[in-house]
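Read the structure below first, then the notes.
A quick note: this is a predicted structure, and the numbers were derived from the prediction, not measured.
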Amino acid sequence: MFANKRLGKELAKIQESLPPGIDFVTAPDFQQWEMDIRVLDANPLYLDQTYRLRFRFSTNYPIEAPEVIFIPLSQPPRTIPIHPHIYSNGIICLDLLGTQGWSPVQNVESVCMSLQSMLTGNTKNERPPGDEEFVRRNTQRPRDIRFVYEDSSV
């Protein structure tokens, strides 16, 4: 109930205005939304690229972080960005999306801005160590994965 009220307010604000480089795509219900993000600087790794994010909300939102992943699309073309904290299946290793880093003051817009910033500051054209093995073996939902956050260099 509280999640729906909070998401209703967020959706109304998002439909009015968003920061540059963030676009609302769809919100068929209060369980799943899609947003597009673009890196606004001239970072050659992400130049002229738009990336699709899927947000999944539990009934405990905003107490519990949303589940956020990058998703590939063929039309319009959307890939999963190459980044040391983004697995090739779209799962994002970011403390903000985990239990320790999440705060109920965060919202869809602030998550999008954090991911924009994460991409903007990246200079490494590489996936996380062990990407292939992780993608092949992982059966957990992103919110159930217990990442260890050690790398603050990207």
How far apart are the closest heavy atoms of F55 and V108, and which atoms are they? CZ-CG1, 3.8 Å
Closest heavy-atom contact between P20 and Q116? O-NE2, 3.2 Å
D95 side chain to G98 backbone, donor-acceptor under 3.5 Å: no
If the test is side chain to side chain contact (heavy atoms under 4.5 Å, CB included), which one of L40, L47, L45 qualifies with N43? L45
State the CZ-OG1 distance between R52 and T50, to the nearest 0.5 angstrom. 9.0 Å
Do R56 and V68 make a side-chain contact, defined as non-hydrogen atoms from C-beta onward lying under 4.5 Å apart? no
Kindly indicate, with the supporting measurements, whether the criterion side chain to side chain donor-acceptor pair (under 3.5 Å) is fulfilled by D41 and T120. CA-CA 7 Å; D41 75 350; T120 298; 4.5 Å; no
Mind telling me whether F57 and Y61 have parallel, tilted or perpendicular rings, with 30° and 60° as the class edges? perpendicular
L53 side chain near I92 side chain, heavy-atom distance below 4.5 Å: yes
Using a strict 4.0 Å threshold on nitrogen-to-oxygen distance, state whether K13 and E10 make a salt bridge. no
Please check this pair: side chain of S114 against backbone of S110, looking for a donor-acceptor N/O pair closer than 3.5 Å. yes
Starting from the C-alpha separation in whole Å, work towards a yes-or-no answer on side-chain contact (heavy atoms from CB on, under 4.5 Å) for L11 and W33. CA-CA 10 Å; L11 185 58; W33 294 5; 3.7 Å; yes
I'd like to know if the side chain of R136 reaches the main chain of D131, judged simply by a donor and an acceptor atom lying under 3.5 Å from each other, with no hydrogens or angles considered. no
Polar side-chain atom of W102 near backbone of P62 as donor-acceptor pair, under 3.5 Å: yes
So, taking the atom named CG in L97 and the one named CD in Q100, what distance separates them when rounded to the nearest 0.5 Å? 13.5 Å
Applying the 4.5 Å side-chain criterion to the ILVMFWY set and letting contacts propagate, would I82 and Y87 be lumped into a single cluster? no
Considering all heavy atoms, the nearest E109-S17 contact: OE1-O, 4.4 Å
Applying side chain to side chain donor-acceptor pair (under 3.5 Å), run through E64 and S58 and close with a yes or a no. CA-CA 7 Å; E64 183 178 88; S58 77; 2.7 Å; yes
One should read off an interatomic distance between N89 CG and I69 CD1, to the nearest 0.5 angstrom, of 7.5 Å
Give a yes or no on this: more than 12 heavy atoms of other residues, nucleotides or ligands lie within 6.0 Å of atom CD of E132. no
For D36 and R78, run salt bridge (charged side-chain N to carboxylate O under 4.0 Å, His left out): C-alpha distance rounded to whole Å, both residues' side-chain angles, the deciding distance at 0.1 Å, then the answer. CA-CA 9 Å; D36 279 348; R78 300 282 185 264; 3.1 Å; yes
Show your working on side-chain contact (heavy atoms from CB on, under 4.5 Å) between M35 and I14 and close with a plain yes or no. CA-CA 10 Å; M35 305 286 290; I14 282 172; 4.2 Å; yes
Taking the inter-plane angle between the rings of Y46 and Y51 on a 0 to 90° scale, is it parallel (under 30°), tilted (30 to 60°) or perpendicular (over 60°)? perpendicular
Does a side-chain heavy-atom distance below 4.5 Å link Q49 with R38? no
Using side-chain heavy atoms (C-beta onward) and a distance below 4.5 Å, is I80 in contact with P72? yes
Quick check on side chain to side chain contact (heavy atoms under 4.5 Å, CB included): which of L18, I37, D23, N107 does C112 satisfy it with? I37
Quick one: pull up CD in E34 and CD in Q32 and give me the separation to the nearest 0.5 Å. 6.0 Å
Is the closest side-chain heavy-atom distance between L94 and I86 below 4.5 Å? no
Output for pair (I22 CD1, L115 CG), nearest 0.5 Å, gives 9.0 Å
Is the closest side-chain heavy-atom distance between I91 and F70 below 4.5 Å? no
Taking every non-hydrogen atom, the tightest pair across M113 and P19: SD-CG, 3.7 Å
